Q: 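The structure is given below, and queries will be raised subsequently.
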There are 2 protein chains.
Amino acid sequence: MSTLPEKTIERLSMYRRVLQTYQDNQSEFIYSHELASLLHLTPVQVRRDIMLIGYSGTQRKGYSVKELINKIGDILDGNERINAVIIGMGHLGKAITNYFNTKRSKIDIVAAFENDSTKVDRIISGIKSYHTDSLEMILEESNVTIAILSLSPREAQDVTDRLVFAGIKGILNFTSVPLTVPEDVSLENYDMVTSMEKLAYFVKEKIRDENSL
Amino acid sequence: MSTLPEKTIERLSMYRRVLQTYQDNQSEFIYSHELASLLHLTPVQVRRDIMLIGYSGTQRKGYSVKELINKIGDILDGNERINAVIIGMGHLGKAITNYFNTKRSKIDIVAAFENDSTKVDRIISGIKSYHTDSLEMILEESNVTIAILSLSPREAQDVTDRLVFAGIKGILNFTSVPLTVPEDVSLENYDMVTSMEKLAYFVKEKIRDENSL
DNA sequence: TAAACAATGTTATTATTTTAACAATTATAC
DNA sequence: GTATAATTGTTAAAATAATAACATTGTTTA
Ligand SMILES: NC(=O)c1ccc[n+]([C@@H]2O[C@H](COP(=O)([O-])OP(=O)(O)OC[C@H]3O[C@@H](n4cnc5c(N)ncnc54)[C@H](O)[C@@H]3O)[C@@H](O)[C@H]2O)c1
Ligand SMILES: NC(=O)c1ccc[n+]([C@@H]2O[C@H](COP(=O)([O-])OP(=O)(O)OC[C@H]3O[C@@H](n4cnc5c(N)ncnc54)[C@H](O)[C@@H]3O)[C@@H](O)[C@H]2O)c1
């Protein structure tokens with residue numbers, strides 16, 4: 001199967017989550033319009049996404065919840081578990097680590113890195129925290145493909161370069177720094193300020209539109 | 001000016017941020033290709049966005065950094081400051097509050113709400129935390145338009161309904177719950193698990209592509 | 001067993017977003 | 001001054017994503 005559209009991948013992740021709670025509570029099958037309604041999407045979009053991943057339901061009956069969950073798992077998770085590290089165990093880093101390692105998931109955060117000596121060589125939020133100096137050493141002896149960046153912006157590009165050099169293939173960047181990475185490294189940015197400013201803009205626009213009617 | 005495309009709004013927020021640091025360090029003017037390069041975009045996209053907001057640079061000279069910052073400010077910020085509240089002062093809520101109120105911005109987090117009695121009626125991360133029971137009361141006497149949700153998923157929809165009823169116009173949702181809100185309320189969701197799973201998928205795909213060459 | 005119905009699966013259309021093409025303009029060099 | 005080069009502003013085209021249309025098919029009902 002060729003690479004799926006980005007937006008479809010995002011929705012697959014969301015389908016799976018709601019299917020998992022649906023599975024526990026409800027029926028064995030689910031209709032596209034039910035799944036759509038749980039996520040405020042259209043039934044067509046759900047059907048199209050499911051078509052794209054090559055799964056088929058039964059007409060008049062819907063999709064097998066269990067099979068669909070498994071099929072999504074095949075696509076999102078693959079076979080092996082994925083190891084991640086987190087750089088920067090400040091407020092955000094601790095929140096993320098704490099959150100992630102209380103969820104069941106195929107992705108594990110296996111180590112943290114810190115600069116601040118008071119946070120090094122300790123267990124924080126359930127995982128071992130190392131000094132950033134030993135980044136290369138630790139990464140060499142473990143199979144880590146993803147890094148989460150929640151460190152001070154000032155250090156973000158330097159550490160990124162080292163991560164890339166050490167063979168990291170994906171970066172989830174919470175610093176607002178626009179990172180430079182080579183082509184073969186995937187980069188996901190989340191910028192909370194942008195998110196807030198965007199929301200504020202559309203709130204303003206809606207109020208303006210209402211007043212102008 | 002009519003409502004701008006969503007993606008343009010996101011980039012405007014990013015333009016402004018890099019322009020602000022550029023302003024402090026460098027020249028009075030900036031070329032589209034320079035601004036593009038700082039954010040890893042194309043010069044065309046930068047020029048098109050700037051066209052859409054109705055600002056003009058000088059050919060052969062570029063854009064006045066100061067004027068462009070101001071123009072973006074007119075669009076994103078409007079005239080008045082915006083007040084926000086945050087619901088749920090757990091790990092994530094504290095991180096966000098702490099982060100936001102150390103930045104200069106037109107958006108202020110003015111109050112927090114909590115259920116846990118040990119976190120109520122105290123100053124946490126610099127802002128006053130109230131019991132969620134008093135949500136309606138506090139919102140009535142202040143001009144708050146935006147709410148940030150970082151509370152337990154279980155309570156998310158209930159609190160959302162109350163926020164909407166109390167007149168909130170925008171919600172930034174960090175719980176992974178697919179919230180139901182009326183048409184006139186803007187909703188921004190950020191789902192960290194989806195973000196991670198998406199990243200993991202594209203990492204896998206890239207590795208697969210490389211192996212199949 | 002046949003007709004009606006209600007759901008899926010897929011192709012076609014539309015909307016949004018990005019990228020390309022290029023004309024217009026202005027600073028610089030000669 | 002005039003030619004040249006470099007940059008903006010805008011329209012056109014391409015790519016991506018969402019929506020609509022509808023044919024297909026399994027299920028129910030009479
Ligand atoms: N907290 C939020 O809600 C939030 C929101 C958006 C963006 N961010 C961004 O996320 C990052 C972290 O935010 P925070 O609020 O947790 O800040 P913080 O100051 O609490 O944490 C930063 C941590 O990074 C560590 N650090 C610095 N250099 C390091 C290095 N070279 N290697 C390893 N660790 C290093 C520091 O010691 C500190 O513990 C910042 O870039 C911030 O801009 C945070
Ligand atoms: N921490 C993360 O990195 C992260 C990442 C993604 C999503 N989330 C989501 O963000 C939310 C918060 O995560 P967290 O890690 O901070 O969890 P947390 O348990 O540390 O914090 C949740 C807080 O919400 C409070 N709360 C519960 N019900 C409330 C109510 N009705 N009114 C006000 N406050 C209430 C609790 O008392 C608690 O302090 C959760 O929905 C979680 O799924 C967190």
Side-chain angles (χ1 to χ4, degrees), chain A residues 1-15 19 22 26-68 71-72 178 187 189 194 198 201-202 205, chain B residues 1-15 19 22 26-68 71-72 178 187 189 194 198 201-202 205:
Chain A
M1 193 192 313
S2 76
T3 300
L4 295 160
E6 194 166 327
K7 296 289 176 183
T8 294
I9 295 297
E10 290 177 11
R11 283 188 298 266
L12 288 176
S13 166
M14 302 194 292
Y15 294 154
L19 286 170
Y22 193 87
Q26 333 263 327
S27 136
E28 196 182 337
F29 288 86
I30 191 166
Y31 295 126
S32 62
H33 67 261
E34 293 173 315
L35 184 48
S37 150
L38 289 169
L39 288 160
H40 306 115
L41 304 170
T42 64
V44 197
Q45 191 156 63
V46 169
R47 292 207 299 278
R48 211 177 188 294
D49 286 335
I50 292 175
M51 183 195 84
L52 289 175
I53 66 175
Y55 178 67
S56 282
T58 313
Q59 262 156 348
R60 200 66 201 262
K61 223 171 150 191
Y63 303 95
S64 155
V65 175
K66 198 164 157 225
E67 282 179 20
L68 188 47
K71 185 73 188 185
I72 294 174
L187 182 59
N189 296 297
T194 292
K198 183 178 159 191
Y201 172 80
F202 284 107
E205 283 298 300
Chain B
M1 193 190 315
S2 77
T3 300
L4 294 161
E6 193 166 327
K7 297 289 177 182
T8 295
I9 295 298
E10 290 177 11
R11 284 189 297 266
L12 288 177
S13 166
M14 301 193 293
Y15 294 155
L19 286 171
Y22 192 88
Q26 333 264 328
S27 134
E28 194 181 338
F29 288 85
I30 191 167
Y31 294 126
S32 61
H33 67 260
E34 293 173 315
L35 183 47
S37 150
L38 289 169
L39 288 160
H40 307 115
L41 304 170
T42 65
V44 198
Q45 192 156 62
V46 169
R47 292 207 300 277
R48 211 177 189 293
D49 286 335
I50 292 175
M51 184 195 82
L52 289 175
I53 66 175
Y55 178 68
S56 283
T58 313
Q59 263 156 348
R60 201 65 204 265
K61 220 171 154 192
Y63 303 94
S64 155
V65 175
K66 199 165 156 224
E67 282 178 21
L68 188 48
K71 186 73 189 185
I72 294 174
L187 181 59
N189 296 297
T194 293
K198 183 178 159 192
Y201 172 80
F202 284 108
E205 282 300 300

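Just so we're on the same page: letters track the sequence lines, and every chain starts at 1. Since we're looking at a predicted model, the values are computed, not measured.
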Q: Rounded off to whole Å, could you give me the NZ-to-C1' distance for the B:Lys61 and D:dT8 pair?
A: 14 Å
Q: Do side-chain atoms of A:Gln45 reach the backbone of A:Thr42 as a donor and acceptor pair under 3.5 angstrom?
A: no
Q: Return whichever of B:Arg60 or A:Arg60 has its heavy-atom-nearest nucleotide of DNA chain D closer to the 5' end.
A: B:Arg60
Q: To the closest 0.5 Å, what do you measure between OG (A:Ser64) and OH (A:Tyr55)?
A: 4.5 Å
Q: Rounded to whole Å, how long is the line connecting atom CG of B:Asp49 with atom P of C:dT16?
A: 16 Å
Q: What's the closest nucleotide to the side chain of B:Ser32 if the choices are D:dA17, D:dT8, C:dG9?
A: D:dT8
Q: Can any side-chain N or O of B:Tyr63 pair as donor or acceptor with the backbone N or O of B:Leu35 at less than 3.5 Å?
A: no
Q: Can you see if the side chain of B:Tyr31 gets near the phosphate of C:dA27 - specifically, an N or O under 4.0 Å from OP1 or OP2?
A: no
Q: Counting side-chain heavy atoms from C-beta on, which of C:dA20, C:dA27, D:dT7 comes nearest to B:His33?
A: D:dT7
Q: In this structure, how many angstroms lie between the P atom of D:dT16 and the CD atom of A:Gln45, rounded?
A: 17 Å
Q: Is A:Arg48 side chain donor-acceptor paired with the C:dT10 base, going by distance under 3.5 Å alone?
A: no
Q: Report yes if a side-chain nitrogen or oxygen of B:Thr58 is closer than 4.0 Å to either non-bridging phosphate oxygen (OP1 or OP2) of C:dT25; otherwise report no.
A: no
Q: Find the distance B:Met51:CE to D:dT11:P and express it as a whole number of Å.
A: 7 Å
Q: How many Å lie between OH on B:Tyr55 and C1' on D:dG9, as a whole number?
A: 14 Å
Q: Hey, does A:Thr8 reach any base, or is it just sugar-phosphate, or nothing, if we go heavy atoms under 4.0 Å?
A: nothing
Q: With nearest nucleotide decided by heavy atoms, which residue, B:Pro5 or A:Pro43, maps closer to the 5′ end of DNA chain C?
A: A:Pro43
Q: Reading DNA chain D from 5' onward, which residue's closest nucleotide shows up sooner: A:Gln59 or A:Arg47?
A: A:Arg47
Q: Would you mind reading off the distance between B:Lys7 atom NZ and C:dA15 atom C1', rounded to a whole angstrom?
A: 14 Å
Q: Taking all heavy atoms of A:Lys198 and all of B:Ile9, pick out the closest pair and write down the distance.
A: CA-CG2, 3.9 Å
Q: Are A:Ser56 and C:dT8 close enough that a side-chain N or O sits under 4.0 Å from OP1 or OP2?
A: no
Q: Atom CD of B:Glu6 and atom P of C:dT18: how far apart are they, to the nearest Å?
A: 10 Å
Q: Output, in order, the C-alpha distance, side-chain angles, deciding distance and verdict of side chain to side chain contact (heavy atoms under 4.5 Å, CB included) for A:Tyr15 and A:Leu38.
A: CA-CA 9 Å; A:Tyr15 294 154; A:Leu38 289 169; over 6 Å; no
Q: Using whole Å, report how far OH of B:Tyr63 lies from C1' of D:dT7.
A: 9 Å
